[in-house]
2 protein chains.
Amino acid sequence: MREETIREQEESFKEYLGRNGLKVTPQRMRILDVFLRRRGHLTSEELHNLARQEDPSLGQATVYRTLKLLADSGLAREVDFSDGAVRYERAADQEHHDHLICERCRRTVEVADERIERLQEELAREHGFLLTGHSMYLYGLCPACRAEDDESRE
Amino acid sequence: MREETIREQEESFKEYLGRNGLKVTPQRMRILDVFLRRRGHLTSEELHNLARQEDPSLGQATVYRTLKLLADSGLAREVDFSDGAVRYERAADQEHHDHLICERCRRTVEVADERIERLQEELAREHGFLLTGHSMYLYGLCPACRAEDDESRE
DNA sequence: GTACTTGCAAACGCTTTGCACTCTC
DNA sequence: GAGAGTGCAAAGCGTTTGCAAGTAC
């Protein structure tokens with residue numbers, strides 16, 4: 001992520017904190033910084049390990065608490081790959097997307113399809129619901145793992 | 001669920017057990033029976049409470065283990081509404097469906113849309129994946145909760 | 001008789017919380 | 001200096017597991 005974008009997101013977080021009577025602390029800013037500099041889907045533990053390299057006294061609980069704040073503030077998004085722990089991704093990366101996950105190697109691809117989104121809206125409306133959000137996870141075998149299968153079958 | 005269907009499912013489970021060198025026990029059959037007679041999305045704990053009324057000595061661990069077997073055998077399906085616990089639903093009820101969940105009252109509606117399924121397949125294929133499964137949860141406000149909102153706004 | 005199963009309780013992994021201390025505003 | 005935030009350790013939660021006793025086949 002570009003330095004400039006990082007600055008913007010930091011400002012945005014500070015603003016969010018101020019607006020909600022919360023305080024700007026070195027821990028919170030460090031966690032945000034590490035989070036933004038890392039692409040992908042991090043668990044709280046992974047983020048803790050990374051951030052602790054810069055500040056060994058940083059506690060795991062603070063990471064959990066800060067990730068919640070980041071999600072609330074809209075800078076991070078929770079994702080659940082059903083692998084035990086909740087993961088977080090940067091919300092700024094894309095407006096919206098879903099995930100395609102390899103069941104064997106856990107590699108993930110972010111996908112988006114406008115047509116599916118529209119159909120989801122439609123489906124909700126048909127049932128009288130006002131759609132506020134959704135989560136869609138597609139599970140399968142990625143190209144590499146499919147190739148492995150083919151080889152072993154020979 | 002009709003008695004006849006229940007019989008069929010019981011037979012199917014016994015067959016699955018035999019085929020895998022597992023045993024037919026009173027606990028397993030009781031859990032299956034309670035599960036089949038209840039529509040909806042049950043947690044292991046809810047099922048344990050129900051089954052315990054018929055057999056007070058039934059252990060929670062046995063319910064967990066049996067639900068895993070039911071899922072493996074294809075009689076039950078795991079669903080995750082992100083409310084903390086894994087839930088199970090009868091697989092025989094529908095070939096396949098997804099869930100529309102009210103964020104306020106937690107009411108759920110089962111939905112299915114052939115067009116969305118096709119697009120999911122297509123999306124996976126575009127990325128070289130072989131699709132094996134998916135989970136889609138739509139979150140929103142149900143008609144009743146929307147009406148409540150409208151009233152309070154007057 | 002030989003696995004496989006059971007119930008119990010302990011362990012598990014992720015997450016939250018109570019607390020005394022520290023810091024931001 | 002008041003209220004929020006921190007790190008720590010303990011607790012919490014749903015779930016899994018080790019074990020000795022019991023049971024299906």
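These numbers come from the heavy atoms of this one structure, side chains and all, not from hydrogens, waters or symmetry mates. Each chain gets a letter, A, B and so on, in the order its sequence line appears, and its residues count up from 1.
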Next item on the list: Start with the C-alpha gap between A:Ser82 and A:Tyr139, add the side-chain angles, then the distance that decides, and say whether side chain to side chain donor-acceptor pair (under 3.5 Å) holds.
Entry: CA-CA 11 Å; A:Ser82 320; A:Tyr139 298 95; 3.2 Å; yes
Taking the side chain of [X] as heavy atoms from C-beta outward, which of [options] is closest to it?
X       : options                : value
B:Lys23 : D:dC25, C:dT24, C:dT16 : D:dC25
B:Pro26 : D:dA24, C:dG7, D:dT6   : D:dA24
A:Ala85 : D:dT6, C:dG7, C:dT15   : C:dT15

Note to self: Using side chain to side chain donor-acceptor pair (under 3.5 Å), reason through A:His97 and A:Glu89 one step at a time and then give a plain yes or no.
What the structure shows: CA-CA 11 Å; A:His97 62 265; A:Glu89 66 181 12; 3.1 Å; yes
[X] [atom1] - [N] [atom2] separation (whole Å):
X       : N      : atom1 : atom2 : value
A:Tyr88 : C:dT15 : OH    : C1'   : 10 Å
A:Asp83 : C:dT15 : CG    : P     : 10 Å
A:Leu69 : C:dT16 : CG    : P     : 12 Å
B:Asn20 : D:dA24 : CG    : C1'   : 16 Å
B:Asp80 : D:dG14 : CG    : P     : 13 Å
A:Leu22 : D:dG3  : CG    : C1'   : 11 Å
B:Gln60 : C:dA11 : CD    : C1'   : 16 Å
A:Leu17 : D:dG3  : CG    : C1'   : 15 Å

Would one find a side-chain N or O of [X] under 4.0 angstrom from OP1 or OP2 of [N]?
X       : N      : answer
A:Tyr64 : C:dT15 : yes
A:Lys68 : C:dT15 : no
B:Gln27 : C:dG7  : yes

Counting any heavy atom closer than 4.0 Å, what does [X] reach on the DNA or RNA strands: base, sugar-phosphate only, or nothing?
X       : value
A:Ala61 : base
B:Arg65 : base
B:Pro56 : nothing

Next item on the list: Check whether the side chains of A:Thr66 and A:Gln27 place a donor and an acceptor atom closer than 3.5 Å, and report yes or no.
Entry: no
Notebook entry, point to check: A:Glu11 side chain to A:Glu8 main-chain N or O, any donor-acceptor pair under 3.5 Å?
Noted result: no
Notebook entry, point to check: Roughly how far, to the nearest 0.5 Å, is OG of B:Ser44 from OH of B:Tyr64?
Noted result: 4.5 Å
Check: For A:His41, which residues count as a ring pair (Phe, Tyr, Trp, His ring centres under 6.0 Å) partner, sequence neighbours excluded?
Finding: A:Phe81, A:His99
Next item on the list: Find out if a path of hydrophobic residues (ILVMFWY) with successive side-chain heavy-atom gaps under 4.5 Å connects A:Leu131 to B:Leu119.
Entry: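 Linked, A:Leu131 and B:Leu119 end up in one cluster.
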Next item on the list: May I ask you to list the residues of residues 39-55 of chain A, by number, that have any heavy atom positioned under 4.0 Å from an atom of DNA chain D?
Entry: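 Listed by number, there are none.
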